[in-house]
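Data block below; observations after.
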Amino acid sequence: DAGITQSPRYKITETGRQVTLMCHQTWSHSYMFWYRQDLGHGLRLIYYSAAADITDKGEVPDGYVVSRSKTENFPLTLESATRSQTSVYFCASSEMGGIRNTEAFFGQGTRLTVV
Amino acid sequence: AQRVTQPEKLLSVFKGAPVELKCNYSYSGSPELFWYVQYSRQRLQLLLRHISRESIKGFTADLNKGETSFHLKKPFAQEEDSAMYYCALSGYSNYQLIWGAGTKLIIKP
């Protein structure tokens with residue numbers, strides 16, 4: 001299917017475990033983003049990528065790792081999950097102009113609970 | 001600091017009534033402003049952006065630099081407008097959007 005897909009949709013994990021959230025897009029968009037959304041707050045940027053093998057920190061990167069070996073995939077890893085990382089995570093992509101100049105397309109979201 | 005404020009967490013209006021969702025921002029330069037919407041069980045999607053000056057689904061938004069606002073308006077609300085609405089700001093970068101906390105709009109029949 002064309003579009004942007006996140007997996008899993010729901011995840012419960014224990015404190016200290018490593019967790020990887022997957023994001024896959026079929027449009028060959030240059031930019032990809034990971035956001036987290038906490039209750040009562042707007043989306044906050046964790047990491048973004050302007051192209052394959054180019055990633056950079058966003059507003060709240062601590063405790064997260066990303067990679068982008070292929071244009072279409074942008075996995076987000078929580079190296080050692082903490083309760084404060086309980087959140088809804090959104091992946092998004094946009095064309096070469098970036099999120100300022102072109103529309104951002106979002107995945108369905110992953111609801112992560114750390115117990 | 002860049003900031004987007006949506007003062008209403010919840011807005012409830014009757015079908016056919018006018019709707020105004022407020023968005024105020026703090027930014028010293030020339031921002032790009034956006035409204036994104038998330039309907040129930042659907043993905044977050046772009047509704048409109050100020051630079052395009054379009055009317056989408058009957059909604060309009062005017063950038064008021066003097067009042068630093070970008071309120072979303074619709075003259076006659078419809079039940080299908082019920083959704084979460086997010087205002088977002090982009091400054092000088094191609095990667096950064098600053099998001100408001102969102103307003104849940106409920107249209108009562």
Side-chain angles (χ1 to χ4, degrees), chain A residues 1-6 9-10 23 25 27 29-51 54-61 66 68 74 87-111, chain B residues 1-10 21-27 29-54 56-57 63 70 72 83-104:
Chain A
D1 289 337
I4 182 166
T5 306
Q6 291 182 234
R9 294 290 312 280
Y10 303 91
C23 181
Q25 53 109 350
W27 295 303
H29 282 171
S30 297
Y31 279 87
M32 294 188 76
F33 309 86
W34 274 107
Y35 290 94
R36 61 178 289 173
Q37 184 181 36
D38 302 300
L39 199 62
H41 291 85
L43 278 69
R44 290 183 293 171
L45 183 64
I46 304 171
Y47 269 94
Y48 73 99
S49 169
I54 301 174
T55 63
D56 209 344
K57 296 177 181 179
E59 184 184 354
V60 289
V66 294
R68 196 166 175 206
F74 191 40
S87 188
V88 180
Y89 291 84
F90 288 99
C91 179
S93 71
S94 70
E95 294 182 74
M96 192 177 295
I99 210 164
R100 175 183 170 88
N101 302 305
T102 65
E103 180 176 354
F105 294 89
F106 284 82
Q108 320 97 301
T110 295
R111 185 175 295 276
Chain B
Q2 300 176 52
R3 185 181 301 151
V4 174
T5 303
Q6 293 180 249
E8 302 136 331
K9 289 186 178 180
L10 175 65
L21 295 127
K22 292 184 168 55
C23 173
N24 294 96
Y25 68 89
S26 173
Y27 183 70
S30 294
E32 288 277 340
L33 274 297
F34 306 82
W35 278 100
Y36 278 79
V37 61
Q38 187 170 25
Y39 301 102
S40 179
R41 298 188 185 86
Q42 294 188 28
R43 299 162 188 242
L44 195 58
Q45 58 188 281
L46 179 66
L47 179 63
L48 57 79
R49 50 189 299 190
H50 91 271
I51 198 169
S52 63
R53 298 184 181 277
E54 292 176 299
I56 306 293
K57 299 185 178 183
L63 178 60
F70 188 57
L72 184 68
M84 280 293 297
Y85 290 81
Y86 295 92
C87 182
L89 173 154
S90 178
Y92 62 87
S93 70
N94 283 343
Y95 65 86
Q96 180 76 315
L97 276 183
I98 306 298
W99 295 80
T103 298
K104 184 173 185 176

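Order of the sequence lines sets the chain letters (A, B, ...), proteins ahead of strands, with each chain counted from 1. Predicted, not measured: the structure shown is a model, and the values here were computed from it.
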- prompt: Does any heavy atom of chain B fall under 4.5 Å from the side chain of A:Phe33, the backbone, both, or neither of them?
  reply: side chain
- request: Side chain from CB out, backbone as N, CA, C, O: work out which of these in B:Gln96 comes under 4.5 Å of a heavy atom of chain A, or both, or neither.
  value: both
query: Looking at A:Asp56, A:Asp38, A:Leu45, which one has more heavy-atom pairs under 4.5 Å with chain B than the rest?
result: A:Leu45
message: Taking atom CZ as the centre, does B:Arg43 end up with more than 12 heavy-atom neighbours from other residues, nucleotides or ligands that are less than 6.0 angstrom away?
response: yes
message: Quick check on the interface: out of B:Tyr86, B:Phe34, B:Tyr36, who has the most heavy-atom pairs with chain A under 4.5 Å?
response: B:Tyr36
- prompt: More than 12 heavy atoms of other residues, nucleotides or ligands under 6.0 Å from CZ of B:Arg3: is that the case?
  reply: no
message: Looking at every non-hydrogen atom in both residues, tell me the closest pair between A:Gly40 and B:Ala101 and how far apart they are.
response: O-CB, 3.4 Å
- request: Please tell me if the side chains of A:Tyr35 and B:Leu97 come closer than 4.5 Å, counting only heavy atoms from C-beta onward.
  value: yes
query: If you draw a 6.0 Å radius around CG in A:Leu39, do more than 12 non-hydrogen atoms from other residues or ligands fall strictly inside?
result: no
statement: When the 4.5 angstrom heavy-atom criterion is applied to A:Leu43 and chain B, the contacting part is both
- prompt: Hey, what do you get for CE (B:Met84) to CD (A:Gln37), rounding to the nearest 0.5 Å?
  reply: 7.0 Å
task: Sort out for me which of B:Arg41, B:Glu32, B:Gln45 touches chain A most, counting heavy-atom pairs under 4.5 Å.
output: B:Glu32
